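Below: one structure, written as structure tokens.
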Amino acid sequence: MAMNIDSPYRQAAAKLPVYLASVLRKKRALLFAVLFAITIFFLFSPFSPNIAGSYGKHSSSSPSFGAVKNQDVNDILRFIDPLIGTTNGGHVFPGATLPYGMAKAVADTASPAENAAGFVSDANPITGFSHMHDSGTGGQPSLGNFPLFVHPGCVDDDYTECDFSLSDRPLNRVPDSVYASPGYFTVNITNGVRAEMTTTHHSVLYRFSFPGTEAVRFAKGVAPYSPLILVDLVDLMNSRSRGNIKVDPETGRIVGDGRYGPSFGSGHYHAYFCADFKGAKIRKTGTFESNKATDEKQLLEGVGWGSAGAWIQFEKPDEEMKDSVLARVGLSFISVDKACENAEREMEDWDFERVERDAREAWREKLDVVKVDANGTSEELQTTFWSGLYRTLLSPQNYTGENPLWNSSEPYFDSFYCIWDSFRAQHPLLTVIDPKAQTEMIRALIDIYRHEGKLPDCRMSFCKGYTQGGSNADVVIADAFVKGLTADIDWKTAYEAVLSDAEIEPRNWGLSGRGNLVSWHDRGYIPQNDVDTNGTGPASRSISRGVEYAYNDFCISLLSQGLSKSPSLLGASSTSSQVVDSSSYRPNISTPWTSLTADTTKYHHRGANWRNYWNPSAKDLFRDDRTTQSEDIPYFSGGQNASSSSLDVPKGYTIQSPFVGFLQPRTLDGTFRYHPTRTCSPIQNQHSCYYDTALDVYEGSPWLYSFFAPQSMSTLIHLMGGPDTFVKRLEYYHESGIAYMGNEQSFLTVFQFHYAGRPGLSSKWLRNYIPQMFNASVNGIPGNDDCAMGAFTTWGMGLGVFPVAGQDVYLIVPPFFREVKVRAGMDLKSPLSPSHDYHSEKKKEAKWAVIRTVNFDAEMQGRNGGNPVYIQSAKLNGKKYTKSWITHEFFEQGGLLELVVGPEESVGKDGWGTNREDLPPSYYEDEKFWEEWERMDRERTERWKEEEKAKEEGNEVDGGY
């Protein structure tokens, strides 16, 4: 057994520097000489493992280190660091995988609350090497099934002296031995083993290298050179309820399966593996439960929770293997046979270098749709950019052909984890850079609806994940439609799916769909004290769910409007060529329906429901919880037109800012209830509003959610006091510490200065957060990556725009590069551009959307960014362009956007993007619409109050209401 951190040897080593400091100088020099001699002896002793990480002759055999050393300076893969975000809550998966790959191999670490993706860049020991993971998620650790662990030998050549269980076997990594690049991961552990891994789509190939000495010395004895590899049925969450494993003593093949639970959802899933080994003769095989191993049993069946698995011990590796053993692990969610088939098909040749080379080429091809002129941009910024783009392509994971739940010819993607995060930046980015994959993901979402009755908001491991806010798959579908991503998608079923979200409440809306729909349809908001008899779910988050429901409905209105103009899309499914016109179309849903035109009006009107939460009287108050009791939280009444003076400052509260008017919860009778405006922000009770919260907001404060009306920004700006006050308020939000960039809801707030005619301030704050919070360090993202943090940097740094998801709108900002080229969508969707024509002449003739920075100055933006850079003027395809936004046509057809930049903000009537006609669109500009809306709100509020009063007098509802 290797020394652990609690051993007396390590404790003595920790005290050594203190002891040495008290020794006289001459004696200390002599002591150092003796210690140096002992160190040299053990380094070259046949009884010492090589823990220095050099591995002598094995270093040259590593394709990755050799490839990096001789890497082409123009190879963008050298700017990708998968280790970014592997600490500080980033939960990034840094291991070997392919774009959207199912197989994701990495070393797992014993890092509580941090190892959601397996590996963490900390000092915790390694528990094993597992083959499937999710990346960037919150919740519990995900997947990590069937880890391998490797011993170079067992003390006294007794296999029972090796450590088998998850609690006993972890070992420290050798400092500075971790290396990761696209398609490859390696680490050395302190028992002398070096682990390397690379992947195909469904399989992993490991290479375990050993010191090559005749024996290895450990704290409790000497272990002869006879490697032992074990496979454990555990997963990262230790969720297994039962499992089976078998080892073949003749071939060494180990197969197994288990039943596990999802990390942020409900249900269970089955996973299967098939492990083969090459490079050494088999000595012994057996099984283990906990830390008790035997060579008498080769099969375990129905084993429950905890460590249990199989093992195989080898003789010294064959000479041609150069002291290494290969392990090939095939994976499946269908069966053991399918897992074996996957491995045999994808890795028949056992060629580690070939597999790694193919993986790197797959990443180059996928990333080749973006090209940058990086002259003058630091390597740190280039690494931040390319690594962010890389992370965007890790998930969702393509499980097509591995779906055990239903038979379908449609693609199947999993790990939509969660759409609440990804709809805002990641999915719009995939529409631009990988429209084929985005199309397949939308088809997968629609197929999930076909077979399970609802679109998911979150999904992992074939299980329903928890719904965090609205039904935001509606936004993903609408976003694709308004950007012309219509081919090969069954829009008839897609439209039925979003109507189902809007109209039909499921029994458990905590897992899919929406809740409180009776009140939503009748009142236009979710009452804080609503009684929902149609379904169950967390009775909370009334503000955050409400503003998302409103935006979901607005996006449905865009979809219904578009479909009414393109009726042929409603008749063409993947299995039918029937064509209908919009007047004869009828969705297959169980609620009353009239027409697409009526839907457009209905959902457009519901899209204004965010305003039902706007309380113009709400002040920015702060309560010191040490002096004020919870029952002192003030209630106050008043409709939409209540004056700001109607709320006095209660005892124990102070006014934090002059800004008045926030989104606030309402009760059944229309009365507002006060929700502290800063609660759930970094400066006040940030961790009080996760999924189990009883509050009215989710992972963000009323300050944050009060900015979320992307469909009606002109109205919001008016309610906040006009453009100047809105700008001051939005700046205050970013500079006061209320903003938290570790959650995706804050992304859009960085760019909302555009709507007030100050696009320069969007650039200013973007360059404040990059590189302050988004950079190339291991803690270089501010929160869970969700495969969306990388999308934020890709948009802002490279593409020079940020999307308003669900709309055909991109807000323009100056990129961090001299020039960026993005392959035009019309080419990416063409049959002439599959990945196999990466080197073809046709690809060289591709159309590009080019964003060029005129007057680019490296000193102006700062070596690693951070300095404000402002657009002074712009041209689109050679013509003057004053709008601060563009449409998807630019990325679809290609073109040239030239941005002239300078160090001073361009303001005033002659400034770029500052005039009313140059602002991004707001879709609720009609004053008569809002006049009618306010009249109806007053009338409804009076009616609700009378109804609630009558109920109380009649004792028809609980007196607490």
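Heavy atoms only: backbone and side chains are in, while hydrogens, waters and symmetry mates are out. Along the sequence shown, the residues carry numbers beginning at 1. Source: prediction; values computed, not measured.
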remark   = Residues at least two apart in sequence or cross-chain that pass side chain to side chain donor-acceptor pair (under 3.5 Å) with Ser332, listed by chain then number, are Glu402

key: Contacts of Ser387 that satisfy side chain to side chain donor-acceptor pair (under 3.5 Å) - sequence neighbours left out   = none

inquiry  = Can a side-chain donor-acceptor contact be found between Gln397 and Asp134 if the only test is distance below 3.5 angstrom?
reply    = yes

For Leu799 against Leu429, the heavy-atom pair lying closest together = CD2-CD1, 3.9 Å

request  = Ignoring hydrogens and angles, state whether a donor on the side chain of Ser181 or Arg360 is under 3.5 Å from an acceptor on the partner side chain.
outcome  = yes

query = How are the rings of Phe333 and Phe462 set relative to one another: parallel (under 30°), tilted (30 to 60°) or perpendicular (over 60°)?
reply = perpendicular

request  = Please determine, by modelled atom types, if Thr377 and Gln382 share a side-chain donor-acceptor pair under 3.5 angstrom.
outcome  = no

request  = Taking side-chain contact (heavy atoms from CB on, under 4.5 Å) as the test, write out the residues that go with Arg354, two or more places apart.
outcome  = Asp349, Asp351, Arg357, Asp358

task = Would you check if Val329 and Val231 make a side-chain contact, meaning some heavy-atom pair closer than 4.5 Å?
result = no

request  = Taking only Lys NZ, Arg NE, NH1 and NH2, and the carboxylate oxygens of Asp or Glu, determine whether Asp235 and Arg240 approach each other closer than 4.0 Å.
outcome  = no

request  = Would you check if the distance from the ring center of Trp311 to the ring center of Phe288 is below 6.0 Å?
outcome  = no

inquiry  = Is it true that Ser226 and Arg283 share a donor-acceptor pair across their side chains at a distance under 3.5 Å?
reply    = yes

ask   = Can you say whether the rings of Tyr100 and Phe413 are parallel (under 30°), tilted (30 to 60°) or perpendicular (over 60°)?
value = perpendicular

query = Between Thr198 and Glu356, does any side-chain donor sit less than 3.5 Å from a side-chain acceptor?
reply = no

Please table the atom pairs, donor to acceptor, closer than 3.5 Å between any side-chain atom in residues 144-153 and protein atoms at least two apart or in another chain.
from, atom 1, to, atom 2, distance (Å)
Asn145, ND2, Tyr269, OH, 3.1
His151, NE2, Asp163, O, 2.8

key: Sequence-distant partners of Asp108, side chain to side chain donor-acceptor pair (under 3.5 Å), two or more places apart   = Ser130, His133

inquiry  = Within the structure provided, determine whether Lys104 and Phe185 are in side-chain contact (heavy-atom separation under 4.5 Å).
reply    = no

request  = Please name all residues satisfying side chain to side chain donor-acceptor pair (under 3.5 Å) with Ser121, sequence neighbours left out, ordered by chain then number.
outcome  = Thr86

request  = Verify the distance criterion only: is there a donor paired with an acceptor across the side chains of Tyr272 and Asp337 at less than 3.5 Å?
outcome  = no

request  = Please report the closest heavy-atom contact between Gly243 and Leu233, naming both atoms and the distance.
outcome  = C-CD1, 4.0 Å

ask   = Only one of Asp122, Thr109, Asn124 clears side chain to side chain donor-acceptor pair (under 3.5 Å) with Arg173; which?
value = Asp122

key: Asp786 vs Ser422 side-chain heavy atoms within contact, under 4.5 Å   = no

ask   = So does Lys278 pair up with Glu348, basic N to acidic O under 4.0 Å?
value = no

query = Would you say the side chains of His270 and Tyr260 form a donor-acceptor pair under 3.5 Å?
reply = no

ask   = Tyr417 and Ser263: side-chain donor and acceptor closer than 3.5 Å?
value = yes

ask   = Does any non-hydrogen side-chain atom of Leu77 lie less than 4.5 Å from one of Trp363?
value = yes

ask   = Would you call the rings of Tyr184 and Tyr179 parallel, tilted or perpendicular, where under 30° means parallel and over 60° means perpendicular?
value = tilted

